Amino acid sequence: MVNKTILTSFRFPSYMCLGIGQMITTIIVLYAAKMNHTVQFQDFDRSILSKIFPLPLLYVGNHITGLASTKKLSLPMFTVLRKFTILMTMILEVYILRKTFPNRLVCSVLAIVLGALVAASSDLAFDAEGYTFILLNDAFTAASNVYTKKKLGTEGLGKYGVLFYNALIIVIPTLLASAFTGDLHKAITFQDWMKATFVFCFLMSCFMGFVLMYSIVLCSHYNSALTTTVVGAIKNVAVAYIGIFVGGDYLFSWTNFLGLSICMSGGLVYSYLTFNNKTSPENNGETAKEQLQILTVEDSEGKFSTN
């Protein structure tokens, strides 16, 4: 919502510079936390590049295409088209992490994609450039989530190291690219820098960008890449429906609204199935322990002794 406000309502000309601000915030916050001994991760050396590659490239691709599509598309359509990330993540997990998925989860993912197709088929504000950016963003996000899960097991990096070195390695090349394309000049000469509301929103976007990336890495640390992707999609439920009324660039149609609702329903079903499957083994394990304790007590009382 904050990114959309900056890029659409304030008409900030450079989504690339907004991404650079979020990268710099990530570097400053994590470096300060490391110096304060709040978090720990490996100091920089030559091995870092080999350990973390190709995450920095995926990180910047995800960051820039995400902000670009936010600027080009309405919030509901942005949210719906992001659902293709789920299918891409599932495919990459099968081929890269060698995972398998039960049929019920596959069906819920297909329902999400079906809803996205229905919504996109009736998008009255179709923007070819925006659709290109969002589909690229889906691919970058899927690859980034899968490789983040893979790299989190790398010795010395950890979740904080992955996040810090992603931003550190790519921030200078991105800054040079923005200067070369003229984006940096447009951002510096932007007229609203003297407005307190814009500055507040810009700083809030930088900080929330860090919070979002940290949340994604933390979720990937404890869950599968696919679950991280779906949880990220579900948090957009409120964004999608609020975006119908906020932003002023959504054109309503019943078919589009139906597609939105199918997407959200599929995402909620996936979450229910995933977390239900996680709790079931734990409950079964606890039940087995209780039964074993009962048998042990009964045996000690001689109920199962033989004559």
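None of these values were measured; they are calculated from a predicted model.
Atom CG in N137 sits 10.0 Å away from atom OG in S144 (nearest 0.5 Å). To the nearest 0.5 Å, atoms NZ (K186) and CZ (F12) are separated by 11.0 Å. Going from atom CE of M35 over to atom CG of L30 covers 11.5 Å, rounded to the nearest 0.5 Å. The distance from atom CD1 of I169 to atom CD1 of I48, rounded to the nearest 0.5 Å, is 7.5 Å.
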Determine, step by step, whether I91 and L87 satisfy the side chain to side chain contact (heavy atoms under 4.5 Å, CB included) criterion, reporting the C-alpha distance in whole Å, the side-chain angles of both residues, the deciding distance to 0.1 Å, and the verdict.
-> CA-CA 6 Å; I91 294 170; L87 180 60; 4.2 Å; yes
So M88 and T141, side chain to side chain contact (heavy atoms under 4.5 Å, CB included) or not? Walk me through it.
-> CA-CA 9 Å; M88 294 178 185; T141 301; over 6 Å; no
Step by step, would you call I24 with V171 a side chain to side chain contact (heavy atoms under 4.5 Å, CB included)?
-> CA-CA 7 Å; I24 292 173; V171 67; 4.0 Å; yes
Evaluate the side chain to side chain contact (heavy atoms under 4.5 Å, CB included) criterion for residues H185 and T189: first the C-alpha distance (whole Å), next the side-chain angles of each, then the deciding distance (0.1 Å), finally the verdict.
-> CA-CA 6 Å; H185 177 72; T189 57; 3.6 Å; yes
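Looking only at side-chain heavy atoms (C-beta outward), L168 and M23 stay at 4.5 Å or farther from each other. Counting heavy atoms from C-beta outward, Y214 and Y160 have side chains that approach closer than 4.5 Å. In this structure, L55 and I52 have side chains that are in contact, with non-hydrogen atoms separated by less than 4.5 Å. Residues V146 and T89 have side chains in contact (heavy-atom distance under 4.5 Å, counting atoms from C-beta outward).
Counting non-hydrogen atoms of neighbouring residues, nucleotides and ligands closer than 6.0 angstrom, the CG atom of N103 reaches no more than 12 such neighbours.
A donor-acceptor contact shorter than 3.5 Å is absent between the side chain of N62 and the backbone of L58. Under a 3.5 Å cut-off, the side chain of Y165 and the backbone N or O of F44 do form a donor-acceptor pair.
With sequence neighbours excluded, the residues that form a ring-ring contact (aromatic ring centres under 6.0 Å, His included) with F164 are F41.
Residue P56 comes nearest to N166 through the heavy atom pair N-OD1, 3.1 Å, listed as atom of the first residue, atom of the second, then distance.
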Could you go through residues 192-210 and list every donor-acceptor pair under 3.5 Å that involves a side-chain atom there, pairing it with any protein atom two or more places apart or in another chain?
unit_1 : atom_1 : unit_2 : atom_2 : d
D192   : OD1    : K195   : NZ     : 3.4
W193   : NE1    : A187   : O      : 2.5
S205   : OG     : N3     : OD1    : 2.5
S205   : OG     : Q22    : NE2    : 3.0

Please list, one pair per line, the donor and acceptor atoms closer than 3.5 Å that link side chains of residues 174-183 to other protein atoms, with sequence neighbours excluded.
unit_1 : atom_1 : unit_2 : atom_2 : d
T174   : OG1    : I170   : O      : 2.7
S178   : OG     : L175   : O      : 2.7
T181   : OG1    : A177   : O      : 3.0
T181   : OG1    : S178   : O      : 3.2
D183   : OD2    : S14    : OG     : 3.2

